[in-house]
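Below is one structure, written out as structure tokens; comments come after it.
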Amino acid sequence: MRVRFAPSPTGSLHVGGARTALFNWLAARHADGQFILRLEDTDRERSTPESEAEILRVLRWLGLDWDEGPFRQSERGEVYSEAIATLKAAGAVYAAWETPEELDAMRAQAHADKRAPVVRGRRDHAPEDIAGFEAEGRRPVWRFAVPLPGETVIDDMIRGAVTFDHAQIEDFVVARSDGSPTYNLAAAVDDMEMGITRVIRGEDHLSNTPKQMLVIRALGGEPPEYAHVPLILGTDRKRLSKRHGAASVEELEADGFLPQPVRNALVLLGWSYDDKTTTFTADELIERFDVARVSKSPAVFDLKKLEVMSGRYLRTMDPAAFADVLVDYLEAVGYFAGKDPGAPALARSTAPLVQRKISRLSEYERLAGWLYRPVEFEPEAWAELAGDVRTSIQCIGGGLGRLEVLAEFSVDNIKDALSDQLHIQGLTARQFLEPQRIALTGQTISTGIYESLALVGRDESVARYRAALARLAESWEGGN
RNA sequence: GGCGCAUUCGUCUAGGGGCCUAGGACGCCGCCCUCUCACGGCGGUAACACGGGUUCGAAUCCCGUAUGCGCUACCA
């Protein structure tokens, strides 16, 4: 089996495109076939090299390696010229001289008559008329002569038979007036020429398919199998786009998601293995994926679900591997810029403190940000302390007294000492420990208290406790 | 407007005539655990778009309606 992914490099890879790529890749790997990458860059206005590079980068990030390509349609001009010549020779296409204004008028009229807005060019111009057109510098487009009457049936792997009446298909343009091929010509020719046996693509291409089948047959080829997958929607049930938040894979990456859970979430958009399994390894996907099982109806992309999968994945990771991806991520997003040279090492040592608590790498800062700066109280955190200054001072002071004299500043010792102290003071763990957390971190949410204390060490811990106490004392006096 | 596709809990879905008083997962609600945030455990809430058929029997098949989406370019 030979499949292809054929994005147009006019932006970054969005979630829908990524899923299509994934489905194709899985189909190829499952059947031990080839996955071909082809850039459909015939739109010179919108295609950019940056976009192409980004798409390639993201595919690699997702782990979707291709066997052939990337091919660029912009470099295959001769192939299309030949195909167009063949079609001309076979009489399958004809020159059409209609001006844009005439075409608009035809379509407007069809709309007014409640008819299908199909364009059929005039094919009965007198030779002298044509000479006249040419004399004024006009060049014709070449339109495909859709056979009438007739119909084309797509035997879609997902939807079953879909029939299109030729009366509803216009004589679509195959070659522009400058001779360049249009999408429907180029895609058809490439699929044929590249020996593609199965086309898996978005449902938005369903109505193009009969046109491409017509071209392939006119060229003497046999169309591949088709599988049109439903579109992916945003939470407003509109086709997913930039305005739906993280709609591109690039953004998901920046938001701290790893490729494995992203893949897992994408594949489950429209496909399922059974009624229970929700996580798969890459190998399991390759073994189990079957495009015929893809659902017919569109799915809403739910970031929350991705987050859950991501969190689960992170938690099951080997701690060393987790530390690696965490540090790599922080490095990549520039987290260490302007920080102490020891910051990456610090991040690595704190990885175990956050692994169970975050669902995406970008949440690291929320929990561990305090480690990278001098004490700096979040307004809510300070408010919590200042709400009951006397108690806060008692708790922090009580904790300080124990920490200062601890023989070995280890997690276990800290825990024992503080637990003992809270009993002595007759407080609940929460009442007693919260002020400690705030004194140490300045945050209401942080890494675990005992681990955090042990990590920064006695000197730093004591210094932070004292600073908090001093500030509390000030506000106490100020308040009296 | 034309053509096409789709329609099961809020979301992703299982289901392909009797196994369905519709199953799972996420979310949500409650409880437990608990040093915050989380994690984890337990329990609960919640759906076959509507109307006709076909059939002994329909979420499953057919028709219609409604709604949504896609295409409707010398874009891809």
Side-chain angles (χ1 to χ4, degrees), chain A residues 6-10 40-43 45-47 73 96 98 100 103 107 110-119 139-143 154 156 158-159 162-165 167-170 172-178 180-184 186-187 202-210 228 230-231 233 235 237-239 265 268-279 295-302 304-309 311-312 315 354 356-359 363 366-367 381 384 415 418-419 422 428-434 436-438 441 443-450 452:
Chain A
S8 47
T10 55
E40 308 214 317
D41 58 352
T42 51
D43 183 347
E45 310 277 285
R46 297 191 300 148
S47 302
Q73 292 189 326
E98 283 73 15
L103 295 177
R107 286 192 259 256
H111 192 278
D113 297 347
K114 302 193 175 188
R115 291 187 347 254
V118 299
V119 166
R139 291 286 172 274
V141 296
W142 290 81
R143 289 184 181 275
I154 307 169
D156 194 273
I158 295 173
R159 290 152 210 286
V162 181
T163 304
F164 288 87
D165 184 338
Q168 303 296 334
I169 303 176
E170 74 174 4
F172 53 99
V173 174
V174 126
R176 302 187 183 105
S177 46
D178 66 357
S180 65
T182 59
Y183 164 73
N184 281 126
E203 187 192 340
D204 49 338
H205 287 288
L206 193 56
S207 29
N208 286 319
T209 302
H228 287 94
L231 299 177
L233 276 26
T235 43
R237 304 210 70 98
K238 289 275 187 343
R239 187 192 193 152
L268 253 13
L269 245 28
W271 176 82
S272 65
Y273 174 64
D274 57 20
D275 63 339
K276 295 204 165 50
T277 319
T278 54
T279 57
S295 142
K296 289 194 269 275
S297 50
V300 173
F301 178 61
D302 183 5
K304 185 70 192 169
K305 196 158 300 187
L306 204 211
E307 214 168 294
V308 170
M309 287 180 185
R312 274 214 265 269
R315 268 172 258 127
V354 300
R356 277 184 31 218
K357 297 181 169 231
I358 63 178
S359 58
E363 288 176 309
R366 185 175 69 108
L367 251 28
E384 220 172 286
K415 179 172 184 176
L418 291 183
S419 302
L422 74 87
T428 66
R430 172 165 188 156
Q431 290 170 317
F432 180 71
L433 263 7
E434 274 315 286
Q436 324 269 327
R437 174 195 312 287
I438 296 170
T441 69
Q443 307 177 176
T444 53
I445 295 172
S446 75
T447 42
I449 295 174
Y450 312 125
S452 297

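First the proteins, then the strands, lettered A, B, ... as listed; each starts at 1. Computation of the quantities below employed the complete heavy-atom set of this structure, encompassing side-chain atoms and omitting hydrogens, waters and symmetry-equivalent molecules.
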Nucleotide of [options] approaching [X] most closely (side-chain heavy atoms):
{"X": "A/Gln168", "options": "B/U11, B/C5, B/G2", "answer": "B/G2"}
{"X": "A/Val141", "options": "B/G24, B/C37, B/C74", "answer": "B/C74"}
{"X": "A/Arg315", "options": "B/G40, B/U11, B/C5", "answer": "B/G40"}
{"X": "A/Ser8", "options": "B/C37, B/A14, B/A76", "answer": "B/A76"}
{"X": "A/Ser297", "options": "B/G2, B/A38, B/U7", "answer": "B/U7"}
{"X": "A/Phe164", "options": "B/C3, B/A76, B/C35", "answer": "B/C3"}
{"X": "A/Val308", "options": "B/G27, B/C35, B/U13", "answer": "B/G27"}
{"X": "A/Arg430", "options": "B/U36, B/G27, B/C39", "answer": "B/U36"}

Under a 3.5 Å limit for both distances, which nucleotide forms a Watson-Crick or G-U wobble pair with [N], could you say?
{"N": "B/C31", "result": "B/G41"}
{"N": "B/C74", "result": "none"}
{"N": "B/U65", "result": "B/A49"}
{"N": "B/A14", "result": "none"}
{"N": "B/U60", "result": "none"}

Just checking [X]: base, sugar-phosphate only, or nothing, at a heavy-atom cut-off of under 4.0 Å?
{"X": "A/Ser177", "value": "base"}
{"X": "A/Gly270", "value": "sugar-phosphate"}
{"X": "A/Arg312", "value": "sugar-phosphate"}
{"X": "A/Lys305", "value": "base"}
{"X": "A/His205", "value": "base"}
{"X": "A/Phe172", "value": "nothing"}
{"X": "A/Asp178", "value": "nothing"}
{"X": "A/Leu269", "value": "sugar-phosphate"}
{"X": "A/Arg356", "value": "base"}
{"X": "A/Ile449", "value": "base"}
{"X": "A/Ser359", "value": "nothing"}
{"X": "A/Pro117", "value": "base"}

Look at the side chain of [X] against the base of [N] and say whether a donor-acceptor pair falls under 3.5 Å; ignore hydrogens and angles.
{"X": "A/Lys357", "N": "B/C37", "result": "yes"}
{"X": "A/Asn208", "N": "B/A76", "result": "yes"}
{"X": "A/Ser207", "N": "B/C3", "result": "no"}

Rounding to a whole Å, what distance do you find between [X]:[atom1] and [N]:[atom2]?
{"X": "A/Leu233", "N": "B/G68", "atom1": "CG", "atom2": "C1'", "result": "9 Å"}
{"X": "A/Ile154", "N": "B/C3", "atom1": "CD1", "atom2": "C1'", "result": "12 Å"}
{"X": "A/Arg437", "N": "B/U34", "atom1": "CZ", "atom2": "P", "result": "16 Å"}

In whole Å, what separates the [atom1] atom of [N] from that of [M]?
{"N": "B/G15", "M": "B/U8", "atom1": "P", "answer": "14 Å"}
{"N": "B/G40", "M": "B/U34", "atom1": "C1'", "answer": "11 Å"}
{"N": "B/U45", "M": "B/C3", "atom1": "C1'", "answer": "42 Å"}
{"N": "B/G16", "M": "B/C61", "atom1": "P", "answer": "11 Å"}
{"N": "B/U21", "M": "B/C48", "atom1": "P", "answer": "14 Å"}
{"N": "B/C9", "M": "B/C26", "atom1": "C1'", "answer": "12 Å"}
{"N": "B/G10", "M": "B/G70", "atom1": "P", "answer": "23 Å"}
{"N": "B/A66", "M": "B/C50", "atom1": "P", "answer": "16 Å"}

Polar side-chain atom of [X] near backbone of [Y] as donor-acceptor pair, under 3.5 Å:
{"X": "A/Glu40", "Y": "A/Gln73", "value": "no"}
{"X": "A/Thr209", "Y": "A/His205", "value": "yes"}
{"X": "A/Gln168", "Y": "A/Phe164", "value": "no"}

If anything within 90° of 0 is syn and all else is anti, what is B/C39? syn
Is A/Arg366 close enough to B/A38 that one of its side-chain N or O atoms is under 4.0 Å from OP1 or OP2 there? no
Do the side-chain N or O atoms of A/Ser446 get closer than 4.0 angstrom to the phosphate oxygens (OP1, OP2) of B/U36? no
Between A/Arg107 and A/Leu268, which residue's closest nucleotide on RNA chain B lies nearer the 5′ terminus? A/Leu268
5' priority, RNA chain B, between A/Lys415 and A/Leu206 [closest heavy atom]: A/Leu206
